Protein chains: 2
Amino acid sequence: MPGSIKLADVAKLAGVSLGTASNAFNRPERVRQEVREQVAAAARKLGYLGPDPKGRLLMGGKAHAIGVLPAGEISVAHAINSPFFRDFMLGVSEICDENRANLLIVSGTKDRKDWAIRNALVDGFILGHTGEVELVSQRHQKVPFVVMDVDAGPDVSSVRIDGRTGARRAAEHLLALGHRRFAILAMSRRPVSPIWHPASDLSRRLVGSFPLDHEKLLGYGDAFEAAGISLDNVPIVESHPPTGWVEAGASMLFERAPKATAILAMSDRHAVAVLVEARRRGIRVPRDLSVVGFDNAPDAVTSDPPLTTVAQPLVEKGRIAARIVFGGGPPRQDILPVELIVRSSTSRPRRQS
Amino acid sequence: MPGSIKLADVAKLAGVSLGTASNAFNRPERVRQEVREQVAAAARKLGYLGPDPKGRLLMGGKAHAIGVLPAGEISVAHAINSPFFRDFMLGVSEICDENRANLLIVSGTKDRKDWAIRNALVDGFILGHTGEVELVSQRHQKVPFVVMDVDAGPDVSSVRIDGRTGARRAAEHLLALGHRRFAILAMSRRPVSPIWHPASDLSRRLVGSFPLDHEKLLGYGDAFEAAGISLDNVPIVESHPPTGWVEAGASMLFERAPKATAILAMSDRHAVAVLVEARRRGIRVPRDLSVVGFDNAPDAVTSDPPLTTVAQPLVEKGRIAARIVFGGGPPRQDILPVELIVRSSTSRPRRQS
DNA sequence: CTGAAAGCGCTTACAG
DNA sequence: CTGAAAGCGCTTACAG
C-alpha cells in the first residue's frame, strides 16, 4: 500500500531525524541544501508526496477552506439554486480565489449547522445567524468569522444592509403611485407552510423570521404611518423561499387578501412567486396589481415583467464578508446602502371601486 | 481559554480512563449508563462539547464533506456563476444533503487543484479531468471518487454523456433545415485568448479542449460527412467559457467566418455569446443566422431567442456522480443520453447569394 | 544545522 | 464493562 508511507519512513531512508525531514518540507531554509536533497530523493524513491494534512492539522495547521452557512433552514441544493445566494457567493468566492482557499457550503437544519460549526475543517466562517456566534467561539480551534445581515454587537464582525430604509422606500414608491390597499409577503426562514397574519391583529409578530425581516416590516410601517395607514391593517403572509413553499404563500395572499392593489415582497424570490401566481389567476402586473421585490437579485431583471425592487450590493457584500474572514482584523460592523430600482412591476392603481 | 479542554480533562474529572471517556462519546453502548452520565456531567461542567474532529480525523475519521473539482481552469466564482455547473451542483448537493455531508468547491488552476486533491479534508471527490485520478489515488487517506465527462478506463468510475451523438444530432438538424455553410465555436478549458482554426487545415486539433469536446467535433463531422461536407472545410474558433473570453471568441467567429449561415456551439454559454454578438452586429437570429447550443443549461430557455440545443440531464448527472462517491461500490461507467431540443434559434437559411 | 523528545487530541485493539 | 498502552502523522521547542 503505497499510500501508507509516512514522513518517518522518508527520514529513515534519508538517514536523518524526523524533525529534520519535517523541516526539509516546511522550513527548507533551516536545512542544509545537501540534506534537503537527500530527503527529497528519499521521498521520491518512496513515492512520498509531502506531509499528510491530517497530521499537520493537529499542530495548528490550516484547512485552506472557509465555511459558509446560508441563513435559515435551507438545503445546499436550495442555496445554490437561489439567485440571491449565488450573487453573494460570487463575491465570497472571488476573495477565496485570491486567498487560494476552497469554499465549504454548510446548509440544512440548525442542528446540522451547529454540528458543522464545531466540527467543520475550515479556517473561518461566514455565518447566517446570531445563534451561531456562540458555537463558533466554543470551537477547539478558534477561527475568525463574520455574521451576515444581523447586528451581533460591537465584539462581533457583521455585514448587513439598511433593511428598514429599503423597505420604507419600497412602500413610499407604491404610496406615491397612489396605492392604499397593501399586502405583505414576508420572509420565513423555516420550512413551514405559509402563515396567515390577518389585518387588525394588534400584536402581530413574524414567527419564522430573522431580524432583517422584522426591520423590513418596520420600514414598511414607517412609510404607511407617514401616509396615515396603520401597519396593523395590512395583511401579511409569511412564507419560506424555496420552490413550493413560496408559491403556496403567494397563493394564500391572493386568496385571503384579494383587495390589495399592491404587494410588498421581502425578497425578489417572493415577488417572482407573486408574479407567477398572478399570471396563473389572470391578474395582470402592473395593470391590476403592483409588486415590489427586495434584493435586486439576478432574477429581478429576467422576470416578466422585470421587478421594481430594492437593490442591495450582493456581490460586494460577499467580498466584504470574505475579506473580514481572511483578514482577521478587529471586529467591525458594516452597513451597506440600499437603493430603490423602478422597473415594470409597479404602476398607478386602477380606478378603485 | 475554554477551548483548550480536551477529552483527557473530562476523563480525569469524571474519574475514568481516557479510553472510557472516548467510548462514552463514540460508542455509548459499551459504557455503563452510570459512567456515561458521569462523563457527560464532567463534560458539561468543563464546557466540553465533544471530541475534536482534528484528533479523530487522524484515526481514520470522516471529514463529512466531499470535494468537487469543476472541469478546466476556472475560478470558484466562475463555476458558481455558470448555469451548467449550477444545475450539475444541484444534483450533487441533493445527494450531499441526503448524506448529511457538506460540499467543498475546489477550483482554479491545475496546480491548485492538485494540491487540493492531495490535501483537502474530504471523504471523496468528483473530478473533472483524467489527470486527477492518479493524484487522488496517491492520497494518504484513500477516498472514493468519480470522474466526469471522460472515460478513465474500467477501473475508474465515470459519468459522461454521449457527446458524439449529441453533436451529430445538432449538425443533422441544421443540415435538414438546408444549411451548408457552418462554423464551430468550440470549447477551450483554459483561460487563453480565442484560437482561430481556419478551414482546410487538414490536421486541426483543438488545443485547450477535453476529450468530450473532441467527441463533439467528431459528431459534427459524422453529420457533415453524411451530407458530403468535410469537417476540414468548416472554420473553428476555440474559446474559454467565462465572460470576456467567450465573447471574444464569438466576435472572432463573426470576423473570420462571415459567410456561415449556421453556428454550432459546444455549450449554451458559447451559443449565448454568439446571440449577444449577433445582436450587437445587427444580425438577426434565426433569420440571418442559426445557432445551436449544447447542454440545455438554464440559460438556454431564458436566452433571446430561446436556444435550439442538445440537452443532457445535468441535475441527474450530479445525482449519479454524488451517489457513486457516497455509495462506494465497484467501478462503473455511466453514459447518459442526450436529446436535441428545437427552440427558436434555428431556421432555414436565407436564400443564399 | 541537526537530533531526541514531547506532544497535538483522539481512537482502538488488547488485557483484565 | 473498564484501564493502560500504543499509535494515528506530524510539528515544535529545546539542546547540542
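Small disclaimer: the values here were computed from a predicted structure and weren't measured. When reading the values below, keep in mind they use all heavy atoms of this one structure, side chains included, and skip hydrogens, waters and symmetry mates. Lettering of chains follows the sequences in order, A, B, ..., and the numbering in each one begins at 1.
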Practice problem: Take B:R100 and A:W115, measure what side chain to side chain contact (heavy atoms under 4.5 Å, CB included) needs, and give me the verdict at the end. | Solution: CA-CA 11 Å; B:R100 302 180 64 82; A:W115 184 93; 5.9 Å; no
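- With sequence neighbours excluded, the residues that form a salt bridge (charged side-chain N to carboxylate O under 4.0 Å, His left out) with B:R32 are B:E34.
- Rounded to whole Å, atom C1' of D:dC8 lies 10 Å from atom CG of B:L57.
- OP1 or OP2 of C:dC8 has not a single side-chain nitrogen or oxygen of B:K54 nearer than 4.0 Å.
- For B:R332, the salt bridge (charged side-chain N to carboxylate O under 4.0 Å, His left out) test picks out B:D334, with sequence neighbours left out.
- Between B:I5 atom CD1 and C:dC8 atom P there is a gap of 14 Å when expressed in whole angstrom units.
- Taking the salt bridge (charged side-chain N to carboxylate O under 4.0 Å, His left out) definition, one finds that B:D155 meets it with nothing, sequence neighbours left out.
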Quiz item: In dot-bracket form, how is DNA chain D paired, counting a Watson-Crick or G-U wobble pair only if both its distances are under 3.5 Å and using | for bases paired to another strand?
Solution: |||.||||||||.|||
Exercise. Could you check A:K317 against A:I320 for side chain to side chain contact (heavy atoms under 4.5 Å, CB included), going step by step and ending with a plain yes or no?
Key: CA-CA 5 Å; A:K317 199 173 168 186; A:I320 293 172; 5.9 Å; no
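- One interatomic measurement links the two molecules: NZ of A:K12 to P of C:dG3, which rounds to 15 Å at whole-angstrom precision.
- Rounded to a whole Å, the CZ atom of B:R118 is 13 Å from the P atom of D:dC10.
- At least one side-chain nitrogen or oxygen of B:Y48 sits closer than 4.0 Å to the OP1 or OP2 atom of C:dC10.
- Considering only residues two or more places apart in sequence or on other chains, B:R319 meets the salt bridge (charged side-chain N to carboxylate O under 4.0 Å, His left out) condition with B:E94, B:E316.
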Exercise. Would you mind building the protein contact string for nucleotides 11-16 of chain D? One character per nucleotide, 5' to 3', B for base within reach (heavy atoms under 4.0 Å), S for sugar-phosphate only, - for untouched.
Key: BB----
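- We find that NZ of B:K62 is positioned 17 Å from C1' of C:dC10, with the value rounded to whole Å.
- Each ring-ring contact (aromatic ring centres under 6.0 Å, His included) pair with one or both residues in residues 9-41 of chain B, not counting sequence neighbours, appears once here: B:F25-B:Y48.
- Between the CG atom of A:D52 and the C1' atom of D:dG7 there is a distance of 14 Å, given to the nearest Å.
- The side-chain hydrogen bond (donor to acceptor under 3.5 Å, both in side chains) pairs that include a residue from residues 63-74 of chain B number zero, where partners must be two or more places apart or lie in different chains.
- Evaluation of the salt bridge (charged side-chain N to carboxylate O under 4.0 Å, His left out) test over residues 52-61 of chain A, restricted to residues two or more places apart or in two chains, returns A:D52-A:K54.
- Applying the side-chain hydrogen bond (donor to acceptor under 3.5 Å, both in side chains) test to residues at least two apart or on different chains, the pairs with a partner in residues 35-45 of chain A are A:Q33-A:E37.
- Near DNA chain D, meaning a heavy atom under 4.0 Å away, there are no residues from residues 37-45 of chain B.
- The salt bridge (charged side-chain N to carboxylate O under 4.0 Å, His left out) analysis of residues 113-132 of chain B, with sequence neighbours excluded, yields the pairs B:K110-B:D114.
- Phosphate proximity of C:dC10 to B:K6: absent, as no side-chain N or O sits under 4.0 Å from OP1 or OP2.
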